[in-house]
Amino acid sequence: MCGIVGYVGEKQALEVVVEGLRKLEYRGYDSAGVAVVSGDHLDVRKKAGKLANLESLLGTDPLASSTIGIGHTRWATHGGPTDANAHPHVSEDGRVAVIHNGIIENFAELRAELTAAGVTLSSETDTEVVAHILARSLPAVGGDLAEAMRHTCQRLEGAFTLVAVVADDTDVVVAARRNSPLVVGLGQGENFLASDVSAFVAYTREALELGQDQVVSITREGVTITDFDGVAVEAKPFTVTWDAAAAEKGGHDTFMMKEIYEQPKSVADALRGRVGTDGRLQLDEMRLSDSDLREIDKIVVIACGTAYHAGLVAKYAIEHWTRIPVDVELASEFRYRDPIVDDRTLTIAISQSGETMDTLMALRYAREQGSKALAICNTVGSTIPRESDAVLYTYAGPEIAVASTKAFLTQIIAAYLVGLYLAQVRGNMFGDEIASVMRDLQDMPQAVDRVLDTVEPVTELARELAAVPSVLFIGRHVGYPVALEGALKLKELAYMHAEGFAAGELKHGPIALIEEGVPVVVVVPSPRGRATLHDKIISNMQEVRARGARTIVIAEEGDETVVPYADHIIRVPVVPTLMQPLVSTVPLQVFACAMATAKGHDVDQPRNLAKSVTVE
Ligand code: F6R
């Protein structure tokens, strides 16, 4: 949510910053802006709308040449998406420029204080107050921007990453972080700041993770980090494991299609290297002992959106393998209902970005109650894994499209690995049973590949249905979260009414929505699994068809019993019951993507959304 870039080095800052913003635009696209320091003044351009609008402005009104600059792409919180509310915000004397990701919760109070002191604010944002306070702090600290930033941060409440430059200093960019993401890129004679590594990975793969409540200054020569009191702190270095090409579209029209087609590889990568030389499963980071894990009597999964759906799928497998009860909770609701969590609870936070504020706050709450915490995350070094006792990275590679696809499949894989790991430690499964499930998982990249090979009719069907006002999704068992995920994808991309239901719930209300021609996507369980489930969904199909629904049936190859009740059949390979979500979700991703494309929507950057939701 909001993308931030800072650069100081030998290159033209504008080029580096705009290129970085292009990589971060998935984080927000309500406006974009840049500031460079040139001579002894700041040069700022900003524009409402996507980055392309800013680039057009820069075409007609170029910036001064400079090798130090900052840039921002915005997801609006305080104040609409206008030019005036776009970042950078500049202090009243025009000497300090600030960009921000997060929310300054006490901004109204600070704004009132500044207004009383005679400052005229020129935007409706919470950020602008920071520019004024920072500029006003500078004289008292001899113009030291880092010290002024520390003083300013002491006055701020809420979540923020702030990055600032000052007019008469062409050597330093200063940033601060509390609860919002910020990483440092380490170059030769140049250094970078960004919301995530994709902004600078074309220049360097060496990076530093920043901790909570830290201020960082980057110059051409080096990086200095302190806490908000000015005490020097060490940052954890890490090397980015993917290269710049991974953040390009690779011949696909959209990042989303590229990411859908990457899923066989992502699933394989998520599974790679999980079995140690002793034949036992291993996670990426484990700061919990086996005896800690044996004492666990309850698992709580916290997550949002698609990651929540991955948690719902995982519940079936983890309970089945470990016999530990699993609650799956929407992170945004969790800490507001006095949940029962203690030192025998394992809280599993699932998050692609590792920065989702709702999930982070729920995680912190669970830990405060004594819970152990395990993170399933795609972003190495992000806050959620950093604040957990154990970590399993999903290794899906960068997910740029706002709608999550490959992250979902790899989250399921990772959660399954956690379930098997617990079963191994607690002795719920024999080694050969775990090895057998691992073999099934190892077959999944190929199975997903097969789905992708046969997906073309789904695209045609989506085009044909593009004008319908509503699509319903039903499923049972692990097919139920798949139905929820299919509906979420359609809502966010095609901007239409779409809803997922547990098929058994239809008769308790939702069946009233069925009328002539309403498309109902049915995620059919395997007839080889629990036979009753399969029989029951066949009945549900008959029930909706009897009321005029047009059924789009996702069924495994060879399941002929669905044929009489299906208007359209999408075939998926035969896989074990618990693996079905890994194949049946894929056609639904393609369906949503194709329907949005047919409606002329921007698939990678759907309206009102941003990739990484760093506000509550
Ligand atoms: C939907 C989607 C969102 C995210 C949710 C959690 O396509 O992408 O629902 O899944 O915002 O994000 P992370 O996984 O980064 O915590």
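This is a predicted model, so every value here is computed, not measured. These numbers come from the heavy atoms of this one structure, side chains and all, not from hydrogens, waters or symmetry mates. In this chain, numbering begins with 1 at the start of the sequence shown. Atoms within a ligand are numbered from 1 in the order they appear, just like the ligands themselves.
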Check your understanding: Taking the side chain as C-beta and beyond, is there a heavy-atom pair between Gln580 and Val575 under 4.5 Å?
Key -> yes
Practice item. For Gln352, counting its heavy atoms only, list the atoms of ligand 1 lying under 4.0 Å from any of them. Key: 13 (P), 14 (O), 15 (O), 16 (O)
Review point. Can a non-hydrogen atom of Glu355 be found less than 4.0 Å from any atom of ligand 1?
Key: no
Practice item. Taking the six-membered ring for Trp and the full ring for Phe, Tyr or His, determine whether the centres of Tyr495 and His601 are under 6.0 Å apart. Key: yes
Check your understanding: What residue and heavy atom of the protein are closest to atom 11 (O) of ligand 1, and at what distance?
Key -> Val613 CG2, 4.1 Å
Exercise for review: Just do the side-chain hydrogen bond (donor to acceptor under 3.5 Å, both in side chains) check on Arg177 and Thr383 with the steps written out, would you?
Suggested key: CA-CA 11 Å; Arg177 127 162 237 276; Thr383 310; 2.7 Å; yes
Exercise for review: Not counting sequence neighbours, list each pair that qualifies as a salt bridge (Lys or Arg N to Asp or Glu O under 4.0 Å) and has a residue in residues 396-420.
Suggested key: Glu262-Lys406, Glu399-Lys611
Practice item. Would you please indicate yes or no on a ring centroid separation below 6.0 angstrom for Tyr29 and Trp75? Key: no
Review point. Can you list the atoms of ligand 1 that are under 4.0 Å from a heavy atom of Ala307?
Key: 10 (O), 14 (O)
Check your understanding: Taking only heavy atoms of Lys489, which atoms of ligand 1 are found under 4.0 Å from at least one of them?
Key -> 1 (C), 7 (O)
Study note, to complete from the structure: Here the atoms of ligand 1 under 4.0 Å from any heavy atom belonging to Gly305 are 9 (O)
**Study point:** Subset of ligand 1 atoms that lie under 4.0 Å from at least one heavy atom of Val402
**Key:** 8 (O)
Exercise for review: Please collect all salt bridge (Lys or Arg N to Asp or Glu O under 4.0 Å) contacts where either partner lies in residues 350-370, sequence neighbours excluded, each pair once.
Suggested key: Arg364-Glu387, Arg367-Asp389
Check your understanding: Is the backbone N or O of Asp253 less than 3.5 Å from a side-chain atom of Lys258, with the two atoms forming a donor-acceptor pair by type?
Key -> no
Review point. So which heavy atom in the protein is nearest atom 5 (C) of ligand 1, and how far is it from that ligand atom?
Key: Cys304 O, 3.5 Å
Point to revise | Close-contact set for ligand 1 against Ser351 heavy atoms, below 4.0 Å | key: 13 (P), 14 (O), 15 (O), 16 (O)
Check your understanding: Which protein non-hydrogen atom lies closest to atom 16 (O) of ligand 1, naming both residue and atom, and how far is it?
Key -> Thr356 OG1, 2.5 Å
Point to revise | ligand 1 to Thr359 polar contact by distance, N or O atoms, under 3.5 Å | key: no
Exercise for review: Would you mind checking which non-hydrogen protein atom is closest to atom 2 (C) of ligand 1, with the distance to 0.1 Å?
Suggested key: Thr306 OG1, 3.8 Å
Practice item. Let me see the working for Phe107 and His78 under ring-ring contact (aromatic ring centres under 6.0 Å, His included), right down to the final yes or no. Key: CA-CA 10 Å; Phe107 94 102; His78 291 62; 4.8 Å; yes
Point to revise | Any donor-acceptor N/O pair, Lys298 side chain to Ile340 backbone, under 3.5 Å | key: yes
Review point. Quick check, are the ring centers of Phe192 and Tyr203 under 6.0 angstrom apart?
Key: yes
Point to revise | Per-atom contacts of ligand 1 with Ser353, taking only distances under 4.0 Å to non-hydrogen atoms | key: 13 (P), 15 (O), 16 (O)
Practice item. Heavy-atom contacts with Glu492 under 4.0 Å: which atoms of ligand 1 show up? List them by number with element. Key: 1 (C), 7 (O)
Point to revise | Heavy atom of Thr405, distance to ligand 1 below 4.0 Å | key: no
